[in-house]
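Beneath this line is the structure, given in structure tokens, with notes to follow.
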There are 2 protein chains.
Amino acid sequence: MDKNITIKDVAKKAGVSVSTVSRAFNNYSDINAETREYILKIADELGYKPNIVAKSLSSNKNFRLGMLVEDYDLTGMLNPLVFQMLMAFKNTADKQGFETVLLSTSSDMQKTQNLKKLYTEKQLDGAFIMGLKLTDDYYKELSEFELPCVLYDIHINNPNVGCVGVDNIKGAFLAVEHLIKLGHKKIAMINGHKDAFVSFERLDGYLLALNRYGINIEQELVVNADFTDQGAAKTAEELIKKHNDITAIFCASDLMAIGAINALSNIGYSIPEDISIVGFDDLYLAQLSNPKLTTIKQDTTLIGESAANILINLISGQRIGRVVIQPELIVRESTAKSSV
Amino acid sequence: MDKNITIKDVAKKAGVSVSTVSRAFNNYSDINAETREYILKIADELGYKPNIVAKSLSSNKNFRLGMLVEDYDLTGMLNPLVFQMLMAFKNTADKQGFETVLLSTSSDMQKTQNLKKLYTEKQLDGAFIMGLKLTDDYYKELSEFELPCVLYDIHINNPNVGCVGVDNIKGAFLAVEHLIKLGHKKIAMINGHKDAFVSFERLDGYLLALNRYGINIEQELVVNADFTDQGAAKTAEELIKKHNDITAIFCASDLMAIGAINALSNIGYSIPEDISIVGFDDLYLAQLSNPKLTTIKQDTTLIGESAANILINLISGQRIGRVVIQPELIVRESTAKSSV
DNA sequence: CTGAAAGCGCTTACAG
DNA sequence: CTGAAAGCGCTTACAG
């Protein structure tokens, strides 16, 4: 540890007071430009770095952001998405002088139960919340929440909370439109579960596309499979057996799409010759499946960055509301022209 | 924020001095047991939580651990592994009163260049380092490093640094032994790259198994594929074309195994009928491939927990050295009896 | 535009 | 076993 260089050392060497050094470092306006330059130069020579701990204690700001992650089913394949968002969030928060701490629903939320407590206990200025479900206890808390926070993939009627996420309706629309343009008319959808906001939106996109292109909507062609590969496998098989004229399936996640592909292959269907399949997310997994998966891409880096920016703005009092990231259709090998 | 409850409030209400409250909370021995109980009770009633920021400032300890993650290729499928370790690490550190901060090589290390600086800048008591390569600049620094740290999957000749990781030699041995017991004699290996410590170890395991069972070692059957699916795809194809009597391939990662399976399927080989394939890691991906992948499991939760424990021990002055996690063979569908 | 001083919420020798 | 006081490295009114 060598003995740390503090603001005092800088002040002494620069021949100014501690207050002035502080002002120089915090970019205050009421300081002589030359003095500022000089102080910064001295500080640099000394290798001085402000102590963020002291800073938060004295300023009563924390410069600290939480990233709250749902970790009940860590084995799930959502991981890569979340992880990428996390890193992007962290890196952009960093640049703006904010620390980030990783928080998990299983450990941190369970202890504190409510968000407000979590903020004070972890000394958070704000939080990025991923994987919130409509059934979570603290979902209600959010509608009247007054502390800065940003939600991923869910929006809520409260101007204090920001939201980021891909445009799920549009994403689903693109997926289904792609199938329609390939000539498919009997298109099923394997959706997630009702506790996820995105399920509703992706369903809307599906319905919208069918509607737009004048295709009849059949309720029985839409089924839920809980966002799991195994659920989707079972569901896909049942679906095809009941409706043997289905030529395409839109799945609300890549994971489910893979499950469907595997299940259908195993009972003798060729993908995409017999049945076209589209996923959602564009996990790396999509490129590993055989055939490679046509899917809708979420730009996780952009999502993470936006989340950090919204949050920091919120903290400094500027509201931004909802940021919608554009999805992108990635055509690979799991979709083909309808043969009927 | 309501006005926070501080140590002062507790002291006043309990009718003792601030010092005494501090002692009660830090489990010091020189305090009357009853006083301690009483103080804790009062504190609880008040809902008092020690302010960790103030604590670190005054005690000159940080109670803060870094988790340094390699994020140059975030798209890679290693993510799930790392993420799981992260969460496990964080949760166990939490329980022992340590904060964790996420650090990345691309952003944090690049700025500071060396580890020591990273520690002082981020006010770390210790760090868990994942994804270190033999070619990294700070690899050298580690051999004489004096601050507490724990490395994942790499060991170094310095009693100050701890190491956790699966027993790679044994893991590889189990994989190859499994193939041998199925009757395979011509077994190739697709390894990672030379900058990874694990590549050497897994190779050793492979050689050891062949040796143990009296199988001839042929240098040309071992090739590197950079831990990528595409590298492995290319490599597998070349391998098979040059040596058409190969009946099994051991891949040093699941990702490469999937690449190999896809490539070989596409040129007409059946897995496992023609060629058996074993991976390493047991990513969730292994259950999604078709056929499902036989592989070696790394217990990521245990690794993360151990890392946290070793690190905290190191910080309090107790060395533990190297912790080796037992790997496990998971037999699924990608391996079968040799047909020759 | 700059400085002196109080204060943020704790810990820790030092006395007693 | 307990208290009074100094100090950790900053920020921020308050004067000037």
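A, B, ... follow the sequence lines: proteins, then strands. Residue 1 opens every chain.
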Figure out the CG/P separation between A/N62 and C/dG9, and round it to whole Å. 12 Å

Between A/I303 and A/Q84, is any pair of side-chain heavy atoms under 4.5 Å apart? no

Closest nucleotide among C/dT12, D/dG3, D/dT11 to the B/R23 side chain: D/dG3

Check the distance between D/dT2's P and B/K12's NZ and give it to me in whole angstrom. 21 Å

What is the distance, rounded to the nearest whole Å, between atom CG of A/D9 and atom P of D/dC8? 11 Å

Taking CD1 from A/I7 and C1' from D/dT11, how many angstroms apart are they, rounded to a whole number? 8 Å

Has B/T35 got a side-chain N or O lying under 4.0 Å from the OP1 or OP2 atom of D/dT2? yes

For DNA chain C, what is the dot-bracket line, given that a base pair needs Watson-Crick (N1 to N3, plus N6-O4 or O6-N4) or G-U wobble (N1-O2 and O6-N3) geometry with both distances under 3.5 Å, and | means paired with another strand? |||.||||||||.|||

So, A/S22 versus A/S19: side-chain donor-acceptor pair below 3.5 Å or not? no

Ignoring backbone atoms, test whether A/S22 places a side-chain nitrogen or oxygen under 4.0 Å from the OP1 or OP2 oxygen of D/dT11. yes

Provide, to the nearest angstrom, the distance between the CZ atom belonging to B/F63 and the C1' atom belonging to D/dC8. 13 Å

Should A/N60 be listed as having a side-chain N or O under 4.0 Å from OP1 or OP2 of D/dT11? no

Is the number of heavy atoms from other residues, nucleotides or ligands within 6.0 Å of NZ (B/K13) greater than 12? yes

Rounded to whole Å, NZ of B/K8 lies from C1' of D/dA4 at a distance of 13 Å

Any side-chain heavy atom of B/I156 sitting closer than 4.5 Å to one from B/L151? yes

Please list residues of residues 36-59 of chain A whose heavy atoms come under 4.0 Å from any atom in DNA chain D, ordered by number; otherwise none. A/Y48, A/K49, A/P50, A/N51, A/A54, A/K55, A/S58, A/S59

For this output row, return yes or no: ring centroids of A/F145 and A/Y119 closer than 6.0 angstrom. yes

Provide, to the nearest angstrom, the distance between the NZ atom belonging to B/K61 and the C1' atom belonging to C/dT12. 10 Å

In whole angstroms, how far is the P atom of D/dT11 from the CD1 atom of A/I31? 12 Å

With A/V69 as reference, evaluate A/T105, A/L86, A/L103 under the side chain to side chain contact (heavy atoms under 4.5 Å, CB included) test and give the passing residue. A/L86

No-hydrogen, no-angle side-chain donor-acceptor test under 3.5 Å, B/Q326 and B/D167: no

Does B/T20 have a side-chain nitrogen or oxygen under 4.0 Å from the phosphate oxygens OP1 or OP2 of D/dC1? no

Taking the six-membered ring of B/F63, is the NZ or CZ of B/K55 close enough (under 6.0 Å from the centre) and on axis enough (within 45°)? yes

To the nearest 0.5 Å, what is the distance between CD1 (A/I7) and OG1 (A/T20)? 9.5 Å

